2 protein chains.
Amino acid sequence: MMQRRKARLVDVAKDAGVSPATVSRAMARPELLSVETLQRVHQSARRLGYRPDGMARALASGRTMTVGAIVPTLDSTIFALVLQAMQSTLTREGYQLLVASHEMNPAAETEAIRTLLARGVDGLMLVGADRAKEAAALLRTSGVPVVLTWCGNAEFAAVTVDNERAGELAAQHLIDLGHRHIGMVVGHLPFNDRQSGRLAGARRALRRAGLELPDGLVSQQGLTLAGGRSGCAALLDLATRPTAIIGGIDLFAIGCIQEAQSRGVIVPEGLSVVGVDNIDMSAHMIPPLTTVHIPTSQIGQTAAMTIIAQITGEVTRQHVDLPIELVVRRSAAALTGPLQKHHGSSTRP
Amino acid sequence: MMQRRKARLVDVAKDAGVSPATVSRAMARPELLSVETLQRVHQSARRLGYRPDGMARALASGRTMTVGAIVPTLDSTIFALVLQAMQSTLTREGYQLLVASHEMNPAAETEAIRTLLARGVDGLMLVGADRAKEAAALLRTSGVPVVLTWCGNAEFAAVTVDNERAGELAAQHLIDLGHRHIGMVVGHLPFNDRQSGRLAGARRALRRAGLELPDGLVSQQGLTLAGGRSGCAALLDLATRPTAIIGGIDLFAIGCIQEAQSRGVIVPEGLSVVGVDNIDMSAHMIPPLTTVHIPTSQIGQTAAMTIIAQITGEVTRQHVDLPIELVVRRSAAALTGPLQKHHGSSTRP
DNA sequence: TGTTGGGATGAAAGCGCTTTCATCCAGCGT
DNA sequence: ACGCTGGATGAAAGCGCTTTCATCCCAACA
């Protein structure tokens with residue numbers, strides 16, 4: 001009882017006694033058909049188990065109903081969350097999400113852009129505005145709607161967050177608590193305008209307070225928990241150790257807390273820690289992490305909506321800047337005295 | 001100086017003075033052409049800035065160079081890691097990754113399968129073997145290579161891990177440490193054969209030791225940190241509280257540690273905790289989490305390779321079972337005495 | 001020197017759908 | 001009663017590429 005091949009549009013048309021055009025319309029713009037015809041077509045389609053062929057449809061219409069997203073890495077709460085939000089928003093609108101990652105490698109990102117463009121996507125989401133010249137050229141000439149996230153530029157639509165301000169908020173909080181000697185653990189700066197921005201913001205706040213954040217107090221690390229720990233370790237091993245550390249991402253801040261605790265340094269009494277992101281884990285740390293909340297899911301959702309708006313031609317090059325805010329919890333405290341009573345004892349249990 | 005449209009295959013052919021067929025071959029099977037022709041074509045292609053159109057190619061060849069992956073949720077270290085591994089393996093072979101998630105909803109999964117199949121994927125990766133009948137039928141009739149992960153069945157290729165054994169290892173470790181009263185926090189069991197398996201395994205180990213794991217000591221929770229905490233809270237609030245808890249995933253176990261600590265219960269002295277997964281965070285907890293290591297990245301990588309092998313026809317319905325092992329760290333300790341000296345004091349700082 | 005085999009290329013038929021454009025017809029206004 | 005309008009449908013031309021199949025040519029062989 002099995003038809004020899006997959007049912008095609010013409011098969012349905014034949015079965016329903018109408019033209020292929022009519023079947024096509026029945027699928028895509030049912031309001032153009034009379035109710036009876038529509039019913040007849042649907043009935044035939046169901047009987048034959050017809051499923052439209054996406055590739056043929058894409059070729060003929062020029063639309064793939066697919067949006068691409070290229071993120072630095074999938075293995076990150078942050079990007080996973082954004083992708084999740086994008087995915088559900090897109091699905092609701094009938095789009096699919098094609099993902100690629102570049103592992104912080106500009107050339108790989110360019111390559112990914114090239115493939116996704118060739119493959120045919122109706123829109124493209126990218127992280128940050130800092131990329132290879134060639135990549136930007138590709139995007140420009142492709143004519144495909146693009147949305148940048150976290151950081152943007154004037155050329156494309158963007159859903160941003162003020163990364164400098166995030167760094168500033170974190171630093172200012174520490175300054176307000178009386179800290180004068182502050183360190184920071186950040187991701188590798190080249191090709192990462194989010195981290196660069198946060199560092200710049202922290203520096204700005206410090207400078208305004210008559211303080212500074214010398215390179216010696218900034219540790220660049222890979223974006224992992226281990227990175228946070230080793231960054232913290234480096235800072236704590238300094239001759240004059242900082243009384244507070246800012247994590248460029250929450251993961252770093254969490255790593256800092258863990259490293260400090262495993263050395264017997266009490267947080268926040270012996271070391272204040274502030275992060276940026278406000279990931280799920282942060283609220284559950286002991287002590288709970290004071291951090292700057294970045295509306296990650298909302299970035300994803302807004303990016304998806306922006307892309308769709310561009311695809312459907314409703315709007316172009318829209319810029320949305322999402323608000324951020326300091327979330328005060330208990331990992332940062334006021335300096336108790338002019339001097340600290342801790343000596344860098346490395347008492348790992 | 002801009003050509004009015006995108007260069008097409010025929011444009012290159014015309015420019016190079018060859019037939020379209022030759023250009024097509026130059027792109028896909030260069031070994032069929034003479035060196036001179038090849039060069040001429042490449043030169044023209046470069047000059048015109050020719051980029052093959054993926055959709056047209058897909059339609060004509062029946063191959064999309066795209067593999068779909070449908071996971072329960074993107075917002076999970078585990079699945080993000082698997083996707084990451086798949087993505088990099090696939091990219092290396094020239095494939096793209098199309099992702100979808102279903103938020104633990106069987107109907108949504110079926111729908112996702114339907115769309116990805118319609119959209120045209122050369123292969124499909126799914127999590128677990130437990131799904132709607134209709135979904136299985138779709139897969140069967142589509143003829144698209146499928147690979148199941150974590151849990152498998154006889155019908156499709158699979159890259160699995162022995163979830164029952166994982167639960168067993170966790171429970172046995174606790175039993176060996178002298179625990180007799182063990183609780184477990186698991187994910188919602190329906191439509192989740194990974195969690196069901198782990199629970200069943202734990203029960204098996206306990207039964208073998210003459211113990212049991214009554215439903216009252218099993219707390220079902222959403223797969224989040226908060227779920228772990230509230231599961232732990234529920235268990236600790238029991239009249240006869242367990243001396244040890246197994247987390248169906250590491251995130252639960254971590255939540256348990258945090259909940260215990262915030263209640264002033266010391267881990268492992270006051271409560272032993274064991275997880276399953278071995279995520280990055282686990283090793284950095286204080287105390288570091290004892291857990292059953294699941295080779296997550298390897299699952300992704302192997303799944304990708306299995307899919308590709310099936311697509312290229314090298315092999316079919318291959319089953320790979322990846323080894324797991326207990327990683328003993330410091331969150332579980334021997335019961336110090338026949339009775340415990342802790343009273344459920346809820347001293348949140 | 002006549003075959004012959006095979007490597008290189010071209011011709012042309014699609015792949016399955018979308019989308020103008022044209023056609024047809026009913027009902028409407030005058 | 002007549003032209004007109006607009007809604008419903010059909011005809012047909014692609015969308016840009018792949019892939020058989022046929023053709024051509026030349027080296028190699030006898």
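This one's a predicted model, so the numbers in the text were calculated from it and none came from an experiment. Chain letters run A, B, ... following the sequence lines, proteins first, then strands; residues in each count from 1.
Rounded to an integer number of Å, the gap from CD of Glu36(B) to P of dA8(C) is 10 Å. Rounded to an integer number of Å, the gap from CE of Met55(A) to P of dT18(D) is 14 Å. What separates CD of Gln39(B) from C1' of dA8(C) is a distance of 16 Å, to the nearest Å. Here the C1' atom of nucleotide dG7(C) and the CG atom of Leu38(B) are 15 Å apart, to the nearest Å. Rounded to whole Å, the distance from CZ on Arg25(B) to P on dT9(C) is 8 Å. Rounded to an integer number of Å, the gap from CG of Leu9(B) to C1' of dT19(D) is 13 Å. dC15(D) atom C1' lies 15 Å from atom CG of Asp122(A), rounded to whole Å. At whole-Å resolution of the value, CG in Leu33(A) and P in dC24(C) are 19 Å apart.
Side chain of Leu59(B), nearest nucleotide from dA11(C), dC15(C), dT19(C): dC15(C). The side chain of Asp53(A) has dC17(C) as its nearest neighbour among dC17(C), dT18(C), dC17(D). Set against dA12(C), dG14(D), dC17(D), the side chain of Tyr50(B) has dC17(D) as its closest nucleotide. Comparing dT18(C), dG16(D), dG10(D) by their closest approach to the side chain of Ala56(B) singles out dG16(D). Among the nucleotides dG16(D), dG10(C), dT19(D), the one closest to the side chain of Ser24(B) is dT19(D).
For dT19(C), the OP1/OP2 oxygens have a side-chain nitrogen or oxygen of Arg63(A) closer than 4.0 Å. The side chain of Thr37(A) places no N or O atom within less than 4.0 Å of a non-bridging phosphate oxygen (OP1 or OP2) of dA8(D).
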Decide side chain to side chain contact (heavy atoms under 4.5 Å, CB included) for Thr149(A) and Thr160(A); before the verdict, give the C-alpha distance in whole Å, the side-chain angles of both, and the deciding distance to 0.1 Å. CA-CA 5 Å; Thr149(A) 51; Thr160(A) 58; over 6 Å; no
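With the nearest nucleotide of DNA chain C identified for both Thr22(B) and Ala28(A), Thr22(B) has the one nearer the 5' end. Residues Ser61(B) and Ser34(B) each lie close to DNA chain C; by heavy-atom proximity, the contact nearer the 5' end of the strand is made by Ser34(B).
Using a 4.0 Å heavy-atom distance criterion, Val23(B) is classed as making no nucleic acid contact.
For the residue pair Gln84(B) / Thr73(A), a side-chain donor-acceptor distance below 3.5 Å is found, with atom types taken as modelled. In this structure, a donor-acceptor pair under 3.5 Å is absent between the side chains of Gln301(B) and Thr89(B). Under 3.5 Å, the side chains of Ser34(A) and Thr37(A) contain a donor-acceptor pair of N or O atoms.
In this structure, His102(A) has its ring center closer than 6.0 angstrom to the ring center of Phe191(A).
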